[in-house]
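Here is the structure we will look at, set down as structure tokens.
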Amino acid sequence: MTEQTSTEKVAVVTGAARGIGAATALRLAADGFAVAVVDLEETAGKDTVDKIVAAGGRALAVGADVSDEAQVAAAVERIATELGAPLVLVNNAGVLRDNLLFKMSQSDWDTVMNVHLRGAFLMTRAVQKHMVDAHYGRIVNLSSSSAQGNRGQANYSAAKAGLQGFTKTLAIELGKFGVTANAVAPGFIATDMTAATAARVGMEFEAFKEAAASQIPVQRVGVPEDIAHTISFLVSEGAGFVSGQVIYVAGGPLD
Ligand code: NAD
């Protein structure tokens, strides 16, 4: 880690060991943020941190399960002490437990609710006090096009729709403290998550991506950098009048 500069803000990205979270951490570091790379294991975030540091940035790997209240409290305290008060939060950590409703277990349901909804709630509640103190903050929650309903994802679509309501409420409650909250709802993004879905339905990932691309107006699937770019805008200082919005980043119109 290099010394903190007086203008450098601290951003927290959950689930930042890989995929959309890693791309977002790298992008925010390139934008000038010191970045806390939160994932289940501290060691898992090392790769993202090494890339940021190699590019001249400042980052810290923090191990925490976002669905665990005590781990979240400890993680945010450590970030504030070692990196600085967090003024940007990207709630990105996520899991899938896809199944048709009649086969979906209570544990499939609870796991998805706990990581996406309780995780975003606990992280935001822990970080918001730093934002309120500074009278400045930017929160971005990862929703999904699946919020509109998707076969095999009763749990995930409910959680991702729930995050949209959560986002709008944060915008209403925290606006007077200089804090904005928005949701980014990606369509198909090529990551380990969609690779796992391809495996579950018995398709090669390349064929799965081609089939998805043919249904998308821009005729390609998304890459993590597509989402990182949108998040970069939403957490910028200039985006202070954009709040409570859900931005679909899906290569075509959704609303
Ligand atoms: P991914 O599976 O590649 O990465 C998710 C990361 O979250 C992993 O590093 C994982 O270890 C971490 N994580 C999981 N549970 C955690 C927990 N309890 N605490 C801390 N970290 C945890 O997924 P991705 O494709 O990069 O997706 C990132 C986010 O974007 C997720 O919220 C996902 O639901 C959402 N999203 C993805 C897509 C897509 O097509 N890939 C589409 C819409 C929304």
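Keep in mind that this is a model prediction, so the values were computed, not measured. Each ligand, and each atom within it, is numbered from 1 in the order the structure gives.
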How far does CG of L142 sit from CG of L163, to the nearest 0.5 angstrom?
8.5 Å
To the nearest 0.1 Å, how far is atom 37 (C) of ligand 1 from its closest protein heavy atom, and which atom is that?
I20 CD1, 3.7 Å
Looking only at distance, does V38 have an N or O less than 3.5 Å from an N or O of ligand 1?
no
Contact with ligand 1 for G187, non-hydrogen, under 4.0 angstrom:
yes
Protein contact to atom 22 (C) of ligand 1 [nearest heavy atom, distance to 0.1 Å]:
A93 CB, 3.6 Å
Check this for me - ligand 1, Y156, N or O atoms closer than 3.5 angstrom, yes or no?
yes
In the protein, which heavy atom is nearest to atom 24 (P) of ligand 1, and how far is it?
T191 OG1, 3.7 Å
Selection from L142, V13, N150, N92 by shortest heavy-atom distance to atom 32 (O) of ligand 1
N92
Measuring from the heavy atoms of K160, does anything fall under 4.0 Å of ligand 1?
yes
Regarding S243 and N182, do their side chains bring together a donor and an acceptor under 3.5 Å, going by distance alone?
no
Report yes if some N/O of S145 lies less than 3.5 Å from some N/O of ligand 1; otherwise report no.
no
How many angstroms lie between atom CZ of F208 and atom CZ of F188, to the nearest 0.5 angstrom?
5.0 Å
Just go through G19, S143, G94 and tell me whose heavy atom is the nearest to atom 44 (C) of ligand 1.
S143
Ligand 1 and R18, any nitrogen or oxygen pair closer than 3.5 angstrom?
yes
Does ligand 1 come near enough to D39 that some N or O of the ligand is less than 3.5 Å from an N or O of the residue?
yes
Is the count of non-hydrogen atoms from other residues, nucleotides or ligands lying under 6.0 Å from L101 atom CG greater than 12?
no
Quick one: nearest non-hydrogen protein atom to atom 18 (N) of ligand 1, plus distance?
D65 OD1, 2.9 Å
T14 to ligand 1, any heavy atom closer than 4.0 Å:
no
Under 4.0 Å, heavy atoms only, figure out whether ligand 1 is touched by the backbone of I189, its side chain, both or neither.
both
Test side-chain contact (heavy atoms from CB on, under 4.5 Å) applied to V72 and L122, T14, D65, the passing residue:
L122
So, does A16 sit close enough to ligand 1 that a heavy atom of it is under 4.0 Å from the ligand?
no
Any heavy atom of A64 sitting closer than 4.0 Å to ligand 1?
yes
I need the nearest protein heavy-atom contact for atom 7 (O) of ligand 1: residue, atom name and distance, please.
G15 CA, 3.4 Å
Quick check for you: to the nearest 0.5 Å, what is the distance between Q245 atom CD and Q164 atom CD?
11.0 Å
Judging by distance only, is a nitrogen or oxygen of F188 under 3.5 angstrom from one on ligand 1?
no
Identified side-chain contact (heavy atoms from CB on, under 4.5 Å) partner of T24 from the options T230, I231, V35:
I231
Restricting to heavy atoms, the pick from V62, T48, L40 nearest atom 17 (C) of ligand 1 would be L40
